[in-house]
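These notes concern the structure reproduced below.
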Amino acid sequence: MSSETATCSAPKRPKFRHLEQLSMAIVCVLVMGCACIFVDGFATIGNATGMLLTMSIVGMLCCTMLFCLASGDFDLSIGSVVALAGVSAVCVANAQNSVALGVCAGVGVGGLIGLLNGSVVAYLKINPLITTLATMQAARGLAYIAGDGKTVTASEDFAKLGGSLSIPWGSGHISIGYSVLVMLALLVIFGVVLHYSVFGRSVLALGGNEEAARLAGIPVKRTRLMVFVLQGLVAGLAGVLLAARLQTGDPKAEVGLELKVISACVLGGVALTGGRGSIFAVIWGMLIMGTVQRAMDLQQIGIYWQFLITGSILLAAVIIDRFKSKLG
Amino acid sequence: MSPSYLQFDGLGRTFPGVVALDGVSFSARSGSVHALMGENGAGKSTLLKILAGAQPPSSGRVILDGQPVNFRGTAEALKAGVAVIYQELHLVPELPVMENILLGHAPSTFGFIRRGAMRQRAAELLKELGEEGIDPDMKTGLLSLAQRQMVEIAKALAWDAKVIAFDEPTSSLSARETDKLMEVIAKLRDAGRCIFYVTHRMEEVYRICDAVTILRDGRHVATHPDLKSVSRDELVKQMVGREVQDVFNHSPRQVGAVRLEAKGLLGKGLSRPLNCKVHSGEILGFFGLVGAGRTELMKLLCGIEKRRGGEVLLDGQPLPAGQVAAAIRAGLVYAPEDRKAEGIIPIASVQENMHLASRWRLKVGGAFIASKKEAEITRDFTAKLGIRTPGPWQEIRLLSGGNQQKVILARWMSGPVKVYLLDEPTRGIDVGARAEIYKLIQTLAAEGAAVIVVSSDLPEVLGLSDRLCIMRQGALVAELPRVEFHPEAILKTALPVELETVS
């Protein structure tokens with residue numbers, strides 16, 4: 001085919017360049033369709049907004065985990081960072097009687113852990129798995145220390161951050177949580193950054209072939225550091241919003257969140273080996289995970305079975321990922 | 001004379017866009033040492049990999065002792081008695097010597113290793129090689145390189161290998177260690193084994209080998225069953241082969257001022273301070289064998305490796321050490337030798353790869369990419385360089401080597417570049433695409449850039465260069481103007497030193 005399609009005649013770009021994205025979109029629609037038909041109470045507006053709300057924390061973190069995976073790294077510390085940020089934000093807000101300071105503290109502490117992760121991985125060249133495993137433990141410990149081992153109750157002002165926006169709809173109204181709005185905003189922002197910014201393309205180049213990126217003059221270390229800092233900041237923000245919604249800073253919150261986030265990304269088709277990923281992949285992956293979770297809740301499937309099912313889905317996803325990269 | 005034991009019959013191997021081996025047929029006898037010679041990229045390593053079962057051939061077959069064999073992995077090759085000893089040894093440094101020697105087939109009862117039997121067997125094998133000095137219980141990583149090589153040979157013997165192939169075994173050995181290895185190889189030969197010996201060192205070939213096969217560009221050039229009847233010059237001629245073809249169309253260009261100058265450059269891979277200059281409009285060739293330090297020199301020049309001493313001046317301005325981005329911004333660019341590992345992002349698109357480096361130039365509104373402008377430039381270069389791709393969105397790994405190289409050249413050509421460092425620009429690229437790349441390089445020089453071309457392909461550097469630098473063992477040993485280009489003399493200069501002392 002190369003001979004006649006040579007050179008300059010404006011080439012047509014295939015509509016769906018990555019078949020797997022199309023396939024994941026189809027899977028996503030199928031899963032949601034099945035849920036609508038077979039699960040009572042799934043196809044309602046109330047359920048949709050509720051589902052988005054439960055997905056919002058995972059959704060926010062998927063945005064930055066996408067960058068992390070695209071650059072060929074991992075961040076396992078996010079679950080602990082979410083808890084730590086929540087506890088810190090509530091404590092500071094209570095002590096200083098200032099919601100703004102509390103938010104800054106939560107987001108800031110997330111950013112600091114990200115900075116630590118990024119510096120160690122990028123500049124000291126320590127394996128990200130080990131590094132973030134260590135900070136995962138350390139951040140969890142810090143969360144307990146900050147809250148003195150207990151959950152901390154948030155002030156009413158602080159809890160307002162966990163409220164929702166009411167939009168008139170027909171006779172009633174639908175309420176969309178602020179954290180859902182934040183998730184949507186982050187999806188758009190990080191999608192644009194990944195696909196259209198110098199930074200985003202550098203991240204993909206780095207994950208695709210670090211040596212080639214370095215030789216082309218891309219600041220590899222700085223880029224990698226930035227990815228971890230962003231991840232930390234977003235985890236901090238997610239922690240603040242979660243604490244506001246639950247009206248408590250809970251040091252036990254979100255254990256295992258990192259695995260849910262990575263599962264959602266990989267399920268959507270973000271390559272674990274780096275270099276390949278798109279915001280749509282993340283959206284499909286998230287929606288599939290969210291739908292399955294919601295359907296299981298509505299069907300009152302026991303928590304033990306839920307573990308089994310989500311675990312199986314992740315395993316299936318990585319096998320598919322391997323299969324896809326082998327095909328390529 | 002013993003009958004042929006190992007036979008290659010029309011062996012071929014292709015990689016996407018590259019023909020590594022093309023219908024190679026020859027045979028080797030047991031009880032003899034068979035040299036395998038050729039320039040870099042002639043197909044020697046591919047042949048060894050097929051022999052070792054590490055890669056299947058695309059066509060043809062290997063016949064061992066009259067039986068066609070089709071190894072589906074190195075384990076099968078070993079079981080059939082074929083062992084290859086690579087330049088980088090494959091030993092587990094943390095394990096004791098005896099476990100390395102019997103790795104994968106240790107004597108055991110019900111899955112439990114019999115350490116006594118293992119120790120005894122390892123000691124026997126080491127004794128056979130005259131290496132009683134090596135303690136079978138010693139951690140392998142503590143041995144010297146020569147000793148580890150002996151362990152590797154013992155490992156081959158443990159499989160009762162009838163065919164043992166050595167890939168440049170003396171490249172890191174001292175003269176005394178080389179003597180020792182030669183003795184061992186002679187002993188193995190006298191025991192009736194069929195030995196393959198891959199080397200660049202003519203001296204060793206005449207010392208130890210009985211027969212020789214020469215490969216060039218993946219094709220079989222000649223097999224001389226009796227090495228003694230062939231002269232050294234004849235071998236060199238057959239290795240270099242091809243006439244310097246007129247694909248180069250060398251015509252004198254306007255050579256201008258000094259663009260790039262290295263003064264007293266020192267760093268990784270260089271054995272003594274190096275000085276060189278390249279002028280505007282000039283193509284400077286760098287020839288040498290693998291390991292001569294050419295790639296290392298390029299990496300020092302463009303700041304990928306940090307230099308330990310000396311200066312690099314671009315248009316008279318010093319470049320900071322170890323900063324690729326600064327070098328690129330100043331107009332000094334490097335197209336690496338190992339395209340796949342260092343040049344391209346395989347799963348990214350042609351357009352993405354083309355603009356990898358120019359990112360900071362083609363921006364709108366701060367951090368965002370001027371996609372339309374990029375697409376336009378991609379189209380322009382695709383047309384100008386004749387890059388064959390179905391479109392700019394195609395993943396670059398699906399393109400042929402020549403087209404990949406053109407994308408990398410386009411990556412740099414889209415910016416204001418003063419000096420190009422091109423490391424093996426035509427490695428793994430077929431003849432047709434080569435001619436196009438040569439033309440492109442000449443155009444770059446004619447437009448006023450200074451171009452350094454590193455190549456192990458002698459006809460290529462001779463055809464392209466206005467001036468030639470020869471490197472050997474980390475040092476610049478000769479600098480020749482075009483009128484003094486004599487292939488045989490150049491190859492002799494590039495070969496390692498002890499050759500000359502003996503001849």
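Protein chains get the first letters and strands the later ones, always in sequence-line order, with residue 1 at the start of each. Computed over heavy atoms, backbone and side chain alike; hydrogens, waters and symmetry mates excluded.
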Open item on the list: If you apply the rule side chain to side chain contact (heavy atoms under 4.5 Å, CB included), what do you find for A:Glu210 with B:Glu342, and how did you get there?
Closed with: CA-CA 8 Å; A:Glu210 183 172 346; B:Glu342 302 184 320; over 6 Å; no

Determine the minimum heavy-atom distance between [X] and [Y], stating which atoms define it.
X: B:Ala357; Y: A:Ala216; answer: CB-O, 3.5 Å
X: B:Pro346; Y: A:Asn209; answer: CD-CB, 4.1 Å
X: B:Ala325; Y: A:Gly217; answer: CB-O, 3.7 Å
X: B:Ile345; Y: A:Ala205; answer: CD1-O, 3.1 Å
X: A:Arg276; Y: B:Ile347; answer: NH2-CG2, 3.3 Å
X: B:Phe368; Y: A:Tyr196; answer: CD2-O, 3.4 Å

Task: Interatomic spacing from CG in A:Leu215 to CD1 in B:Ile344 - rounded to 0.5 Å - done: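 A:Leu215 CG to B:Ile344 CD1: 13.0 Å, rounded to 0.5 Å.
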
Task: Sequence neighbours excluded, every pair satisfying salt bridge (charged side-chain N to carboxylate O under 4.0 Å, His left out) that has a member inside residues 227-238 of chain A - done: none

Open item on the list: Quick check on B:Lys340 against chain A: is it the side chain, the backbone, both or neither that has a heavy atom closer than 4.5 Å?
Closed with: backbone

Task: side-chain hydrogen bond (donor to acceptor under 3.5 Å, both in side chains) partners of A:Thr132, counting only residues at least two apart - done: none

Task: Contact leader toward chain A among B:Cys302, B:Gly343, B:Ala327, B:Ala341, where contacts are heavy-atom pairs under 4.5 Å - done: B:Ala341

Open item on the list: Any salt bridge linking B:Glu374 with A:Arg201? Criterion: basic side-chain nitrogen under 4.0 Å from a carboxylate oxygen.
Closed with: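 Result for this pair is no, no salt bridge flagged.
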
